[in-house]
Structures are given as structure tokens and as C-alpha cells.
Number of protein chains: 2
Amino acid sequence: MHEQTAGRPTLASIAAAAGVSLPTVSKVVNGKTDVAPATRERVLALLDQYDYVPLARRPVPEPDSPLVDVVFTALDSPWAVELLRGITESGLEIVVDSLAARPQDGDWVRSLIAGGRRGAIVVTSRITAADQRRLGRSHLPVVVIDPVDMPGPDVPSVGATNWSGGMAATEHLVELGHRRIAVIGGPEDYLCSRARIDGYRAALDRAGIPADPALVRHGNFHHDGGYERARELLELPDRPTAVFAGSDEQAFGVLEAARQAGLSVPGDLSVVGFDDLPMARWSSPPLTTVRQPLADMGRMAGRMLLDLVSGRELASQRVELATSLVPRASTARRP
Amino acid sequence: MHEQTAGRPTLASIAAAAGVSLPTVSKVVNGKTDVAPATRERVLALLDQYDYVPLARRPVPEPDSPLVDVVFTALDSPWAVELLRGITESGLEIVVDSLAARPQDGDWVRSLIAGGRRGAIVVTSRITAADQRRLGRSHLPVVVIDPVDMPGPDVPSVGATNWSGGMAATEHLVELGHRRIAVIGGPEDYLCSRARIDGYRAALDRAGIPADPALVRHGNFHHDGGYERARELLELPDRPTAVFAGSDEQAFGVLEAARQAGLSVPGDLSVVGFDDLPMARWSSPPLTTVRQPLADMGRMAGRMLLDLVSGRELASQRVELATSLVPRASTARRP
DNA sequence: GGTGGTTTCGAAGATGTTTCGATAGCGTCG
DNA sequence: CGACGCTATCGAAACATCTTCGAAACCACC
């Protein structure tokens with residue numbers, strides 16, 4: 001059945017070329033000691049030349065990469081694509097599941113168990129203790145991305161350094177001379193949102209700027225959330241000169257509200273977003289924002305789930321990937 | 001054992017021709033893994049050559065909502081979320097599959113068959129005749145969204161009225177007094193792209209405006225495609241006063257190029273996009289665009305696939321959903 | 001019970017690893 | 001000088017996996 005000398009290099013072919021026996025080549029590959037330096041050199045050179053790859057580590061086409069659910073509360077943001085891209089790259093086969101699209105009783109945990117899934121990734125979503133227990137009973141691992149509540153210590157989760165992100169955004173604005181800095185968070189009870197606002201507070205605190213509760217607002221993470229809260233903020237008697245929005249979409253809403261109010265950005269109002277969606281670069285002005293490595297978060301969650309599915313231990317139950325400020329043109333010195 | 005080539009090809013006859021056993025052929029048809037690549041190729045070629053079609057329907061495994069693949073070439077656009085939302089709403093359970101994320105040899109048809117999927121929705125992607133036959137052999141229906149090539153008459157597909165869309169966009173510009181109207185299409189060979197450009201030509205024709213080939217460009221559907229082609233167009237000695245872009249993302253690229261060239265939109269240059277992504281409303285200026293009902297297209301594709309999976313006949317093999325012009329602020333009368 | 005296809009299971013083969021003994025080289029001691 | 005002992009190097013053979021594939025049992029249906 002073997003034919004080709006031209007095909008994939010095997011230990012045997014290398015051995016023949018080097019004029020040694022097969023086991024000797026094996027020893028070289030595995031770093032065993034009982035090989036003469038000269039022989040080792042000769043074999044290594046040939047291994048290199050033939051570009052030998054051991055069979056075990058060969059890109060084995062995953063015969064049946066595990067099928068897992070990715071549960072979104074709703075598929076309503078470009079956000080989702082970024083995550084999905086990351087997750088697909090982790091080597092899982094994923095079923096997208098949108099709670100919003102489900103018939104309202106839709107019990108995703110049941111269908112997940114019944115559907116033969118091997119696990120789940122839950123995105124910014126509340127996972128109840130009951131759900132957790134049921135999943136545990138069926139030995140189905142879950143990884144949460146950007147958990148809404150602080151998850152129990154036994155629920156692995158992936159997030160971003162929201163606190164630092166909020167801090168960095170706010171410090172950036174403080175450095176530009178702003179004093180009246182507003183923040184628009186996501187829904188009040190979201191963990192990520194609270195962390196960002198805490199970062200904001202910490203930065204103000206450090207700069208010795210008193211926090212004005214009137215400048216802290218909450219809205220949904222979408223355009224309208226940003227738009228409406230910005231409208232309110234801009235109508236304040238002593239309106240803010242800068243707004244830190246909880247998401248890029250919100251920030252676009254803020255831009256819109258500013259435009260309607262006849263304010264120029266960043267001339268009259270500086271705006272910082274959060275996420276760094278691809279389109280943040282193309283808005284006008286290009287949006288200064290806190291980059292959240294969404295695709296990496298997806299990939300990380302995928303890899304963690306893959307580990308859990310194959311019964312490996314996780315290095316850590318909670319992983320936070322670094323955010324970083326991306327200064328663009330929507331922020332400027334205080335007018 | 002009868003030997004004649006005359007009758008309907010059976011697994012046994014294919015097996016004989018390939019010099020393998022019957023079970024091996026069965027495994028190839030069902031995408032099982034334990035077949036050597038060379039053998040698989042040989043058998044697939046013969047299945048093709050003999051145009052094998054199985055007799056009995058395979059025992060249907062799951063009664064609950066069928067699991068189907070949604071195959072993207074790449075998950076690289078907010079576009080994708082819209083479609084996904086629509087598809088999830090149709091009551092299918094969907095597995096997202098990105099060809100880009102696959103190791104390049106990745107034979108998606110095989111993993112689809114082996115993975116027990118009940119069908120597939122292929123998005124703007126070339127589906128080869130061979131793939132089609134293989135899916136047919138396994139009784140797996142496929143629906144194509146926005147097919148790249150004109151699909152065979154037996155491949156159900158969902159699209160939008162691209163021609164009318166192109167026509168509407170161009171007529172809108174003509175009505176605004178524009179005469180030098182450029183168009184940026186997607187990749188040259190995309191069906192949807194060609195249809196839009198034909199609509200553009202038809203509108204020009206109707207208005208008695210001679211078509212200038214220099215004003216017809218092709219680029220990828222993303223921001224950079226639009227940006228680069230717009231740069232070229234704006235450097236023309238007799239530059240266009242309006243650009244019809246093949247996608248919203250491209251249109252954002254055009255806006256960017258105009259900004260860099262110091263042109264105001266819509267003052268100096270009118271821009272029309274295509275798709276009506278959510279963010280088209282929030283760009284500045286808000287983008288006049290041709291609305292493509294992406295979520296509806298997804299839902300329609302889902303419903304068609306659902307019908308096919310449950311063995312119902314389709315009312316029509318090819319469905320085109322209506323596009324409509326959404327005039328916003330990126331177009332104005334010719335300067 | 002025949003036809004058409006699927007599944008299970010083990011045999012055969014291919015590839016790599018490990019063990020262990022053969023041998024050569026070299027120094028040392030009688 | 002030659003016997004002896006020691007070590008470094010290497011390959012034969014046994015072992016361990018993993019892949020590939022078919023015999024035979026099985027299933028569904030007519």
C-alpha cells in the first residue's frame with residue numbers, strides 16, 4: 001500500500017536518506033541522548049530539508065469537533081459577529097441560539113441537552129442557578145462571555161478589563177482638560193457596565209474631580225440608548241463637555257444627539273465609546289473608543305469550552321482580556 | 001451477482017468499480033471518517049460519474065427542530081447578523097460555519113453530512129456542482145442566499161431585487177440632476193453585483209445618459225473596496241458628482257474618500273449605498289441607500305429550507321424580495 | 001426473503017517508540 | 001601486549017498506536 005518516496009516524509013524515508021536506521025531518527029526527533037553528535041546533525045538537517053512532521057501532531061482533521069450552543073439574548077448588534085468569528089476559529093462547531101427568537105417558553109437548557117450538544121457559551125446573559133444545576137447534572141460545561149451578574153466561582157467566564165477600560169477612557173478625557181464628564185452605562189445591573197462606571201469614578205477621584213450623579217446615566221447598549229441619554233445630558237443647565245458611552249453604538253447615538261443639538265464633535269463635545277467595532281474607525285469623526293478584543297474573547301471562550309468538553313482542567317475560571325484606549329478624532333481638549 | 005452497467009447504479013456497483021467493498025462506499029456517501037483520502041476521492045469520482053442517487057431515505061434521527069448549517073464565506077460584516085437573526089426566527093436550529101475559519105482543506109459538505117445536519121443555507125458563496133450532487137445524494141436540501149453564480153434551476157435561492165435596486169438608486173440620482181454617476185460594484189463576477197450594475201445602466205439608458213465605462217468600478221464589498229475605488233474616481237479629470245456604491249460598507253468608504261478629498265457630501269458628491277444596515281441611519285450624513293430586507297431574506301430562506309426538510313414542495317425555486325430606496329441625507333441636487 | 005443500505009467489530013498495515021543487546025572505541029591494569 | 005571493563009552509538013525486534021477497510025450482522029422496507 002505504500003508507494004511514494006515523493007509523498008509525505010516518514011521516519012523511514014529520512015532514515016534511508018541519512019543512512020541510519022529508523023529508531024535512530026526517532027531518537028533524534030525525541031531528543032534521546034544516545035545518538036552521536038555528527039549523526040544527530042545529519043539527521044536534523046534531513047528532517048529540516050524534508051520538512052518532516054510527526055504523524056501524531058499532524059493537523060488531524062477533527063473527526064467530530066464538538067457541537068456547542070452559543071446563546072445570545074438577542075442577535076442585534078455587530079458585536080455578535082465579532083464574537084462569533086472568534087468562537088468559530090477555536091475549532092468548535094457552534095449552534096447559534098437567540099433567546100429573543102425563541103418562542104417565549106423556549107427552554108434553551110432542555111433543547112441543549114436533548115439536542116446532544118456538548119456544552120454552551122452564554123453571551124451577556126443571565127444564567128440562573130437552576131439552569132446551572134441542570135447543566136451540571138448532564139455534565140454539560142458552560143462558559144459565559146461578559147456575564148451579567150457576578151457568576152458563581154464555579155462558572156468559568158471570559159470578559160474584558162472593563163474597570164481599566166472605564167478608567168482609561170475617563171483619564172484620557174481628564175487629560176484633555178475636561179471636568180464635566182458624563183458617563184452612559186448599559187443597563188444598571190450589568191456587571192460590565194458597573195465595572196466601567198466604577199473605573200470612571202476611580203479616574204475622577206484620582207483627578208480630584210467630584211462625581212456628579214446627574215452625569216451618570218443608564219440606557220440600553222444600542223443607538224437609541226445613547227441617543228436618548230445624550231439628549232437628556234445635553235439639556236442639562238451645566239452640560240457636560242465630554243461623554244463616555246458604554247458601547248460604540250451608544251456613542252454613535254451620542255454623536256447623533258450632538259449633531260442635532262448643533263454641537264460639533266469634538267469641538268464642543270468629546271465622545272468616547274467602548275468596544276472598537278470595525279465601524280468605529282469609519283464614523284465621522286472617527287470614534288475614540290476603548291478596544292475590547294471581541295474576537296479574542298470569543299476564541300478564548302471557545303478554547304476554554306473545548307478544554308472542559310475534553311475533560312481537561314481550566315487554568316483559570318475567570319479570564320479577563322485587556323482593553324486598550326484607541327484615541328481617534330472624537331475627543332479633543334476642553335473648549 | 002449481476003454485473004451490468006445498465007441498471008440504476010447501486011452502492012454495490014460503485015464499490016465494484018472502485019475496487020472497494022460496499023460498506024466503504026456507504027461510508028463515503030455518509031461522510032464517515034474512516035476512509036483514506038485517496039479512496040474517498042476515487043469513490044466520489046465514481047459516484048459522480050455514475051450519477052448515483054440512493055433509493056431509500058435515510059432514517060430520520062431527530063424529530064425536533066432540524067439542525068442545519070449556515071455557511072458563510074467569511075464572518076466579516078454586520079450583514080451577517082441581520083441574516084442570522086432572520087434565519088433563527090424561522091424556527092431552525094443553525095450551526096454557523098465560516099469557510100474562512102476552516103482549515104483550508106476543510107470539506108464542509110462532508111462534515112455537514114457526517115454531522116447529522118438536515119440541510120444547509122449557503123450565503124453568497126459559490127456552491128460547486130459537485131457539492132450540490134453530493135448533498136443531493138444524501139438527501140440534504142440546500143437554499144442559497146444571494147447566490148454568486150446563477151444557480152441551476154433546481155437550486156432554491158433567495159435574493160433581493162438587485163436590478164430594481166440598482167435602477168431605483170440611479171433614477172434617484174438622475175432625478176436630482178446628476179449626469180456623471182459612477183457605480184462601484186462588488187467583485188465582478190457576483191451575480192448580485194452584475195444585476196445592480198445592469199439596473200444602473202438601464203436607468204441611465206432610460207434617462208438618455210450615455211454610460212461612461214470609466215465610471216464603472218469593481219471592488220470588494222468592504223470599506224476598503226469602496227474607499228479605494230472612490231479615490232480613483234475622484235481623481236478623474238471629469239469626476240462624477242454622484243456615486244452608487246455596491247454596499248453600505250463600501251459607501252462608508254466613499255464617504256471617507258470624499259472627506260479626505262475635501263468634498264462635502266452631499267454638497268459636492270452624492271452617495272447611495274446598498275443594504276440599509278442599521279448603521280446607515282447613523283452615519284454622517286445619514287446614508288441614502290437601497291434597503292435590502294436581510295432579516296426577511298434570512299427568514300424566507302429558513303422557511304424554504306424547513307419546507308424542504310419536511311419533504312414539502314417549494315412554491316418557487318427562486319424568491320426575490322423587494323428592495324426599496326431609502327432616501328436620507330447623503331444625496332442632493334447636482335451642485 | 002430479497003433488495004438496498006448501515007453499523008459494528010476486528011484484522012491488517014502503517015507509523016513511531018522503546019527495549020535491549022551488539023559492537024566498536026578507548027583507556028587501564030596485569 | 002593483551003585481557004578487561006567501561007561507555008557511546010546504533011539497530012533488531014518487540015511494542016504501541018492509529019488508520020483503513022471489509023466480513024458479517026443488522027435494519028427497513030417491499
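Chain letters run A, B, ... following the sequence lines, proteins first and then strands; every chain starts at 1.
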Counterpart residues, side chain to side chain contact (heavy atoms under 4.5 Å, CB included), relative to A:Thr39 (two or more places apart): A:Val20, A:Thr24, A:Val35, A:Ala36, A:Arg42, A:Val43

Euclidean distance, atom CZ of residue B:Arg137 to atom P of C:dG5 [Å, nearest integer]: 12 Å

Residues forming a salt bridge (Lys or Arg N to Asp or Glu O under 4.0 Å) with A:Asp296, sequence neighbours excluded: A:Arg299

Interatomic distance where CD1 belongs to A:Ile14 and P belongs to C:dT15 [whole Å]: 13 Å

Partners meeting salt bridge (Lys or Arg N to Asp or Glu O under 4.0 Å) with A:Asp48 (sequence neighbours left out): none

Side-chain (A:Thr323) to main-chain (A:Thr161) donor-acceptor, under 3.5 angstrom: yes

5'-most by nearest nucleotide on DNA chain D - A:Pro37 or B:Asp34: A:Pro37

Estimated bend of the helix from C:dG1-D:dC30 to C:dG30-D:dC1 (axis per five terminal pairs, rounded to 10 degrees): 30°

Side-chain donor/acceptor of A:Lys27 to base of C:dG16, under 3.5 Å: no

A:Lys32 NZ to D:dG11 P, straight-line distance once rounded to whole Å: 16 Å

D:dC21 phosphate, OP1 or OP2, under 4.0 Å from B:Thr24 side-chain N/O: no

Distance test, side-chain N/O of B:Thr39 to OP1/OP2 of D:dC21, below 4.0 Å: yes

Minimum-distance nucleotide to A:Leu11 side chain [options: D:dG11, D:dT9, C:dG16]: C:dG16

Salt bridge (Lys or Arg N to Asp or Glu O under 4.0 Å) partners of A:Arg133, counting only residues at least two apart: none

Sugar-phosphate, base or nothing in reach of B:Val20, heavy atoms under 4.0 Å: sugar-phosphate

Nearest-nucleotide pick for B:Leu22, side chain only, options being C:dC20, C:dT17, C:dT6: C:dT6

Separation of D:dC21 C1' from B:Asn30 CG (nearest whole Å): 16 Å

side-chain N/O B:Tyr52 vs C:dG4 OP1/OP2, d < 4.0 Å: no

A:Asp69 side chain vs A:Ala120 backbone, donor-acceptor pair below 3.5 Å: no

Listed nucleotide nearest any side-chain atom of B:Pro23, set D:dT9, C:dG16, D:dA24: D:dA24

Using residues 81-88 of chain A as the side-chain source, report each donor-acceptor pair under 3.5 Å to any protein atom, sequence neighbours left out, with the distance given to one decimal.
unit_1	atom_1	unit_2	atom_2	d
A:Glu82	OE1	A:Arg85	NH2	3.4
A:Thr88	OG1	A:Leu84	O	3.1
A:Thr88	OG1	A:Arg85	O	2.7

B:Ser21 side chain, from C-beta outward: closest of D:dG22, D:dG11, D:dC21: D:dG22

Distance below 4.0 Å between B:Ser26 side-chain N/O and C:dT6 OP1 or OP2: yes

